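Notes for the one structure printed next.
Just the heavy atoms: all of them, side chains too, but no hydrogens, waters or symmetry mates, feed the values below. Owing to the predicted nature of the structure, the values given are computational and were not obtained by experimental measurement.
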Amino acid sequence: MKLWGKSIQVAATYIGTVVGAGFASGQEILAFFTAYGHAGTIGILLATSLFVWLGYKMMLIAHHLRTPSYESFNQKLFGPMIGRAMNILVFLTLFGVTTVMLAGAGSVLEEQFDIPYLVGTTATVLFALLILRKGLEQLLVVNAIVVPSMVLFALLILLDGTAESPMPLSPPSDYSFLWKTVLYVSFNLAMAQSVLIPIGYAIRDKVVLFRAAVIGGVVLGFMLLVVHTAMLANWDDVRLMNIPILFVTDQWNEWLQLFFVFVLYSEIFTTLISNVFGIGQQLRELLDVPESRLYLYLFSTAFVLCLIGYSQLLMFLYPLFGYLGLSTLCRISVPGTIPRHRF
């Protein structure tokens, strides 16, 4: 039972890292899957399989190579020259996403509860520092608490937001959705490597890693499928909305809408702390600075960037990170790429 408990904690951290503001709002799901109609459903099933297989393999490689961060992971995977270049890009993009998540957290608190933006972002930083100072174990605990709320949110959508789709069920006319699916998985797993690699290094029992990948991948697929189905059923109403899932939640009562706000903030927050944790693990290998001080420096810089705006840079980095993740996934998915180990 202890191993199952640890597996669920790791799976929750995997889910919490992948699920961010774009997932909760429905924007990512609409762009990558729902826009392709029923073919998007096939894409989600493929994405679920890839999340299970590649998530497990990434943790397993980190387990065998004994790499505590994506810094050492990429160095061993690609060699010193290419690995160093990739680590710089990973750092910049993770930090960019961290900045946007922090800004998003402040915006949610401001819009929903009239908390001043600076107060909301400051409170989020203090809360994150409180959790991160406890290390990986506390990160696992927080995700294990938050992720069930995300699953409950998906179940509420399943009960309330689905109906017969206005789109006719037919074979896909083209297969570009398959490429979008691969890019979606590569981007999210490239993001998730910030915590999957330290977890693979820290967890001694490979059974825990396997179970966590299966649970994490299947739950991610379930939540994708539920939100996709709800938006597909209301395609004419949601296709031009900035936050498509609002069409469903606007029909809920006040308490359920408040629950949606909690889930949205939680999904932003779990991605935020996972990213900062991953960056901190990398910097620890490069700098002789206490971990808590590194986190403080990172949040201070992100806080300043929140004030001057960062969206244009992120629009450039998001697709770049997707292709960067694709190179990592290709490297770990080819049999025999890691010598002297069987996967």
Rounded to the nearest 0.5 Å, how far does CG of L209 lie from NZ of K57?
14.5 Å

List the steps and the verdict of side chain to side chain contact (heavy atoms under 4.5 Å, CB included) for Y14 and L189.
CA-CA 9 Å; Y14 183 12; L189 276 181; 3.2 Å; yes

Option among L283, T98, V125 that satisfies the side chain to side chain contact (heavy atoms under 4.5 Å, CB included) test with L298
L283

CG (L130) and CD1 (I273) are apart, to the nearest 0.5 Å, by 10.5 Å

Residues which pass ring pair (Phe, Tyr, Trp, His ring centres under 6.0 Å) with Y184, listed by chain and number, not counting sequence neighbours
F32, F33

Roughly how far, to the nearest 0.5 Å, is the CG atom of L102 from the CZ atom of F269?
10.0 Å

Closest heavy-atom pair, Q193 versus P198, reported as atoms and distance to 0.1 Å, is O-CD, 3.8 Å

To the closest 0.5 Å, what do you measure between CZ (F91) and CG (N275)?
11.5 Å

At what distance, to the nearest 0.5 angstrom, does CE of M58 lie from CD1 of I332?
4.0 Å

Looking only at heavy atoms, which two atoms of G43 and F177 are closest? And how far apart?
N-CE1, 3.9 Å

Check this for me: R66, atom CZ, are more than 12 non-hydrogen atoms of other residues, nucleotides or ligands nearer than 6.0 Å?
yes

Worked check of side chain to side chain contact (heavy atoms under 4.5 Å, CB included) between L118 and F303:
CA-CA 9 Å; L118 292 180; F303 186 84; 3.9 Å; yes

